[in-house]
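Read the structure below first, then the notes.
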Amino acid sequence: MKENLTIALAGNPNSGKTTIYNALTGARQHIGNYPGVTVEKKESIITYNNQQLKIIDLPGTYSLTAYSVEEVVARNVIINEKPDVVVDIIDSSNLERNLYLAVQLMELRIPLVFVFNMKDMAQEMGIKIDIKSLSNLFGVPIIETVGSKGDGVKNILDEALKAANMPDIKYPVITYDKVIEKYVNSVEELIKQHSTNIENYNTRWLAVKLLEGDKDVMQVIPSPIIQEEIKRANVDINEMLGDSPETAIASARYGFISGACQECVTTTVEARHNMSDAIDSVLVNRVLGIPIFLGLMYLVFHLTFTLGDPFMGFIEQFFGFLGEKANVLITHDLLRSLIVDGIIGGVGGVIVFLPNIIFLFIAIAILEASGYMARVAFIMDKVMHKIGLHGKSFIPFLIGFGCSVPAIMATRTLDNQRDRILTMLVTPFMSCGARLPIYLLIIPAFFDKNQALVLWVVYLIGIVIAIVIAKILGMTVLKGESAPFVMELPPYRIPTLKGVLMQMWERSWLYLKKAGTIILFVSIVMWALTVFPLFPENKVAEYEKGLSELEQIIEEKTAELVKIGYVVMTDENMQEAESINSKLSDRELAKAEKIAAEIEEANMQIDEINNKVAEAELEYSAAGRIGKFIEPVLAPIGFDWKIGTALIGAFAAKEVFVAQMGIVYSLGEAGEDSEALRDKLRENYSPLVGFAIMVFALLSAPCMATFAIVKRESNSWKWAFFQFFGMTAVAYIVTFIIYQTGRLFM
């Protein structure tokens with residue numbers, strides 16, 4: 001008996017595989033990605049009966065044919081890593097569909113255990129399975145479980161250990177039509193004669209996969225002789241059976257499954273109509289389906305951000321507190337700026353999104369586990385397919401109106417890599433909440449009478465551009481058809497608290513662990529761009545001289561007020577100040593109020609000088625110089641260096657644009673409700689430029705958090721940079737057209 005065993009869990013999506021994996025492993029999970037792909041890799045090491053077991057959760061797949069990345073990954077793990085036993089989790093309520101993967105695993109001639117999960121649902125549907133007879137027929141041990149309740153889960157490991165140590169495999173060989181069998185035998189013989197490095201493979205399985213046209217297997221066996229035999233087989237099988245070899249082989253497998261089910265499965269009249277059918281008659285209704293979904297998602301979306309906002313406020317306060325403490329404790333100006341503005345500001349800007357992500361993924365986990373998300377994909381598939389995307393892409397699009405970060409993470413629900421990448425690339429065109437402060441600043445400044453209409457037009461532009469770009473990318477860079485919609489509609493289930501919380505925790509931890517490191521790096525880079533090169537000391541001295549004089553004036557004037565006995569009134573000391581000041585004579589009071597006004601004027605001048613210093617430092621920095629350098633490029637879309645510099649800062653977070661504009665106009669870090677900043681915008685720009693700013697902010701490169709999460713989810717810098725430069729190019733072209741067209745009518 002081996003000391004260390006590896007057990008791989010396989011199964012269809014919605015079969016309850018993740019629930020059983022969590023039940024077997026608990027929180028002892030290592031989560032990452034398989035090399036070179038974005039498919040999630042889960043592994044756990046547990047001890048059972050004094051034996052160390054490595055449990056691998058394979059990606060959910062419907063078959064082992066290389067249609068999707070998940071299927072290829074699952075197959076490669078089984079063939080190359082050679083787990084000691086594969087446990088196939090099967091949905092008992094959808095037996096024939098799930099057994100297709102089971103039959104393909106049997107063809108690999110590897111140690112197997114079948115777990116017939118959700119036996120309670122099968123019983124409710126009137127399905128009765130003769131487990132003993134079916135186990136004998138397949139030659140595979142079968143266990144019945146209810147994973148959501150933990151029933152039968154412990155028996156899985158016992159049977160897996162037995163199967164791993166049983167040398168003889170007695171599965172029945174699935175025989176195909178005579179013409180197929182003829183070519184299976186001939187191709188198998190040629191494989192043995194003309195192929196090397198195939199010790200990991202069962203030769204009959206290789207022959208079958210070659211006849212199915214499996215591209216990955218063809219790369220393993222590139223023999224021209226075998227390829228010629230495959231071509232002859234295709235012609236003969238098509239002529240004899242009227243179907244392609246792939247279709248004929250799949251039909252034979254389903255025939256085997258159907259025969260086994262007829263022998264061992266009975267269905268009572270109770271199965272004709274069940275609760276899922278009744279619910280689907282409303283939720284998947286042609287007329288009601290989409291409105292119900294939009295209403296439900298609005299509710300999810302609303303609750304996510306409503307519940308998340310207070311926690312976001314706490315996080316902002318916490319990082320604000322850290323910043324204040326760092327300001328006091330760190331005396332070195334440059335180090336203080338790095339810690340406060342670069343690190344604390346950068347990390348805080350990422351973690352502040354965490355509450356929304358947590359609540360959003362709780363909601364998505366509930367909808368997925370309940371079986372509703374499969375219905376959503378089904379409802380939206382026809383609409384999304386017209387623009388070259390999968391029905392499931394609609395979910396990230398919808399989430400993208402709140403925040404692109406969780407929207408990109410939601411693309412993990414897509415089964416096809418091409419669809420996943422395409423959805424990632426166009427989702428940020430949906431106007432996220434971070435862009436809203438820019439609109440709230442500009443729309444009242446230039447479009448006071450048509451605010452709602454202008455905002456609606458901006459959002460509509462994002463949607464239209466997303467559709468156009470998706471269509472273009474689908475015909476060029478990501479050419480190919482969207483994955484066929486083959487997912488069955490699983491029965492509705494009550495989600496388990498443990499499953500929902502574990503899924504939420506996994507996604508949230510990945511966000512913090514992976515995206516946080518990249519975002520911290522980019523934050524420091526952005527800080528450096530706005531700080532270096534340092535503002536010359538001689539120029540700082542000029543400003544400091546003026547500040548020193550004003551501070552001296554304030555000190556002298558304050559001493560005069562103390563001498564008079566006048567107390568400057570504030571919100572905190574209003575009653576006390578009134579009481580003390582009322583004792584002064586009219587002459588003393590008039591003199592004191594004049595002095596107080598002079599102090600206030602001096603303070604305003606200090607603020608003005610500090611703002612000018614901030615503007616001068618920003619203009620002198622690398623970011624300011626880049627803004628000046630790119631000004632000729634920005635001029636055709638109506639922007640000057642100040643707007644350009646603010647846009648560079650907005651890469652850290654879109655809403656930073658507003659604060660940066662306040663700095664470059666010597667107003668300090670103004671907010672979106674700053675009337676002073678709106679006045680400056682009206683003085684310097686036209687409504688056309690204001691609209692162009694909003695369009696460019698909408699369509700240009702996403703914030704660094706989105707950039708980082710695209711790299712994380714696509715597992716490639718290529719797509720992150722492609723999106724960054726591609727969206728910037730699209731933004732420039734669209735803004736150029738709008739601005740130049742607008743000038744013709746001005």
Side-chain angles (χ1 to χ4, degrees), residues 341 434-451 454-455 458 526 529-531 535 539 542-543 546-547 550 600-698 700 731 735 738-739 742-743 746:
D341 301 326
R435 294 172 170 111
L436 195 56
I438 302 174
Y439 309 151
L440 295 179
L441 170 70
I442 292 175
I443 291 177
F446 296 109
F447 309 101
D448 191 46
K449 295 181 180 178
N450 300 294
Q451 292 189 31
V454 172
L455 187 61
V458 170
M526 292 301 302
L529 286 174
T530 56
V531 169
F535 200 54
K539 293 187 178 181
E542 293 175 12
Y543 289 107
L547 287 172
L550 288 168
E600 186 177 354
E601 176 65 25
N603 278 319
M604 289 176 63
Q605 289 179 21
I606 287 174
D607 288 342
E608 187 177 341
I609 290 174
N610 284 327
N611 290 337
K612 284 183 177 179
V613 171
E615 179 185 355
E617 287 177 341
L618 182 61
E619 185 176 355
Y620 192 81
S621 71
R625 295 183 187 194
I626 294 170
K628 289 272 192 181
F629 178 76
I630 63 175
E631 189 171 31
V633 178
L634 298 177
I637 59 174
F639 298 173
D640 57 16
W641 78 270
K642 294 181 178 180
I643 296 173
T645 304
L647 288 171
I648 293 170
F651 175 59
K654 289 291 184 182
E655 59 267 40
V656 171
F657 175 89
V658 177
Q660 293 285 75
M661 288 298 290
I663 291 171
V664 297
Y665 275 109
S666 304
L667 297 172
E669 293 193 2
E672 63 268 18
D673 56 352
S674 170
E675 284 300 330
L677 182 53
R678 286 180 185 146
D679 290 340
K680 284 287 185 182
L681 293 176
R682 280 190 287 262
E683 290 171 14
N684 291 274
Y685 308 111
S686 67
L688 179 59
V689 173
F691 189 75
I693 291 172
M694 291 191 291
V695 171
F696 193 88
L698 166 71
S700 60
T735 308
I738 289 173
Y739 179 71
R743 288 184 64 191
M746 288 179 67

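Numbers for residues simply follow the sequence, beginning at 1. As the structure is a prediction and not an experimental result, all values here were calculated from the model.
- Note: Leu681 CG to Ile442 CD1 = 6.5 Å, rounded to the nearest 0.5 Å.
- The distance from atom CE of Met694 to atom CZ of Phe446, rounded to the nearest 0.5 Å, is 9.0 Å.
- Within the model, atoms CG of Leu698 and CD1 of Ile693 stand 13.5 Å from one another, a figure rounded to the nearest 0.5 Å.
- Taking all atoms of both residues into account, the shortest heavy-atom contact from Lys642 to Tyr685 is CB-OH, 4.2 Å.
- Dense packing is recorded around CD of Gln451, with more than 12 heavy atoms of other residues, nucleotides or ligands lying under 6.0 Å away.
- Side-chain atoms of Arg678 come within 3.5 Å of backbone N or O of Leu441 as a donor-acceptor pair.
- Counting heavy atoms from C-beta on, the side chains of Pro636 and Tyr739 never come closer than 4.5 Å.
- Applying the side chain to side chain donor-acceptor pair (under 3.5 Å) test to Tyr439 and every residue at least two apart in sequence or in another chain returns Ser431.
- Here the closest heavy-atom approach between residue Leu688 and residue Gly742 is recorded as CD2-C, 3.7 Å.
- A donor-acceptor contact shorter than 3.5 Å links the side chain of Arg625 to the backbone of Tyr620.
- Leu440 CG to Leu455 CG: the interatomic distance, rounded to the nearest 0.5 Å, is 7.5 Å.
- Residues Phe696 and Ile643 form no side-chain contact, since every pair of their non-hydrogen atoms from C-beta on lies 4.5 Å or further apart.
- To the nearest 0.5 Å, atoms CD1 (Ile443) and CZ (Phe691) are separated by 9.0 Å.
- Summarising the local packing, CZ of Arg743 is surrounded by 12 or fewer heavy atoms from other residues, nucleotides or ligands at distances under 6.0 Å.
- Shortest non-hydrogen contact noted between Ile606 and Leu547 is CG2-CD2, 3.8 Å.
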